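Okay, so here's the structure we're looking at.
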Amino acid sequence: MTIAIYPGSFDPVTNGHINLIERAARVFDHVVVAVAMNSQKQGLFAVEERLDLLHAVTGGIAGVEVDSFEGLLVDYVRRRGARVVIRGLRAVSDFEYEFQMAHMNHKLYPELETVFMVTGADEFYISSQLVKEVARLGGCVDGLVPPAVRDALSAKFRGARGT
Ligand code: PNS
């Protein structure tokens, strides 16, 4: 059974992530969507909130599990008995960081393979960062994130604006 770990911040999960998760689930026996906990980086959503949203939007995809991890990704991947990490590539601008990370992870865990999947043609311009900015400034995020995430974003920013 091939287990693939799909790590990320998922702050929050977007339609780009979901497209990738659906496609990965068709290729691998089991896909673990793993939210990285990073005490140095304050996200908009708490890790628990990100996990709840991921559970809500991936619940219908067979073979997908949602989890979180702290510390090095390679240690988590080893613990899970996996050797495959999936990452999405949107554009050339993603490449340098992804290339460095794949080599670093390979150095730390030589049996590990990073498998890159290109983001869907309709989602390549979507990033959690941009979605948050659009939502914060009151723009429409329909089609960029699932309805549950849209509602969670609007609750966050409504709270922040006190409206
Ligand atoms: O969604 P992101 O922010 O691009 O995901 C980056 C992530 C979480 C995959 C990366 O920062 C990571 O693996 N963090 C865990 C800590 C770690 O292993 N760092 C060394 C990476 S070479």
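Counting from 1, the numbers follow the sequence of the chain as shown. This one's a predicted model, so the numbers in the text were calculated from it and none came from an experiment.
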Drop me the distance from [X]'s [atom1] to [Y]'s [atom2], to the nearest 0.5 angstrom.
X    : Y    : atom1 : atom2 : value
L130 : I126 : CG    : CD1   : 10.0 Å
M37  : S9   : CE    : OG    : 12.5 Å
D52  : H55  : CG    : NE2   : 7.0 Å
L112 : L73  : CG    : CG    : 7.0 Å
L153 : F45  : CG    : CZ    : 4.0 Å
Y76  : S68  : OH    : OG    : 7.5 Å

How about [X]: does its [atom1] atom have over 12 heavy atoms from other parts shown lying under 6.0 Å from it?
X    : atom1 : answer
F99  : CZ    : no
R23  : CZ    : yes
F124 : CZ    : no

Does one hydrophobic cluster hold both [X] and [Y], with members joined at side-chain heavy-atom distances below 4.5 Å?
X    : Y   : value
M101 : V77 : no
F116 : V85 : no
F69  : L72 : yes

Identify every side-chain donor-acceptor pair in residues 140-151 under 3.5 Å, counting partners at least two apart or on other chains, and give the distances.
unit_1 : atom_1 : unit_2 : atom_2 : d
D142   : OD1    : R150   : NH1    : 2.9

Can you see which heavy atom on [X] is nearest to which on [Y], and at what distance?
X    : Y   : value
I61  : A25 : CG2-CB, 3.9 Å
F10  : A34 : CE1-O, 3.7 Å
G81  : I3  : O-CD1, 4.4 Å
F157 : L44 : CZ-CD2, 3.7 Å

Kindly state each residue pair satisfying side-chain hydrogen bond (donor to acceptor under 3.5 Å, both in side chains) with at least one member in residues 100-128, sequence neighbours excluded.
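Of all non-adjacent pairs touching residues 100-128, none passes side-chain hydrogen bond (donor to acceptor under 3.5 Å, both in side chains).
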Pairs satisfying side-chain hydrogen bond (donor to acceptor under 3.5 Å, both in side chains), at least one member in residues 27-47, at least two apart
H30-E65
Among L20, I5, V27, V32, find the one that has a side chain to side chain contact (heavy atoms under 4.5 Å, CB included) with I86.
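Among L20, I5, V27, V32, the one meeting side chain to side chain contact (heavy atoms under 4.5 Å, CB included) with I86 is L20.
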Check: V131 main-chain N/O paired with R136 side-chain donor or acceptor under 3.5 Å
no
Would a distance-only check, ignoring hydrogens and angles, find a side-chain to backbone donor-acceptor pair under 3.5 Å from D94 to R90?
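Yes, the answer is positive, given that a donor and an acceptor are paired below the 3.5 Å cut-off.
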Do the side chains of V66 and Y6 get nearer than 4.5 Å, heavy atoms only?
no
Can you tell if the side chain of M117 reaches within under 4.5 Å of the side chain of R87, non-hydrogen atoms only?
no
How would you list, by chain and number, every residue that makes a salt bridge (Lys or Arg N to Asp or Glu O under 4.0 Å) with D67, sequence neighbours excluded?
R80
Can you list everything that forms a salt bridge (Lys or Arg N to Asp or Glu O under 4.0 Å) with E22? Sequence neighbours excluded, please.
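Here no residue qualifies.
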Can you list every pair that meets salt bridge (charged side-chain N to carboxylate O under 4.0 Å, His left out) and has a residue in residues 1-19, with sequence neighbours left out?
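Residue pairs passing salt bridge (charged side-chain N to carboxylate O under 4.0 Å, His left out), neighbours aside: D11-R50, D11-K132.
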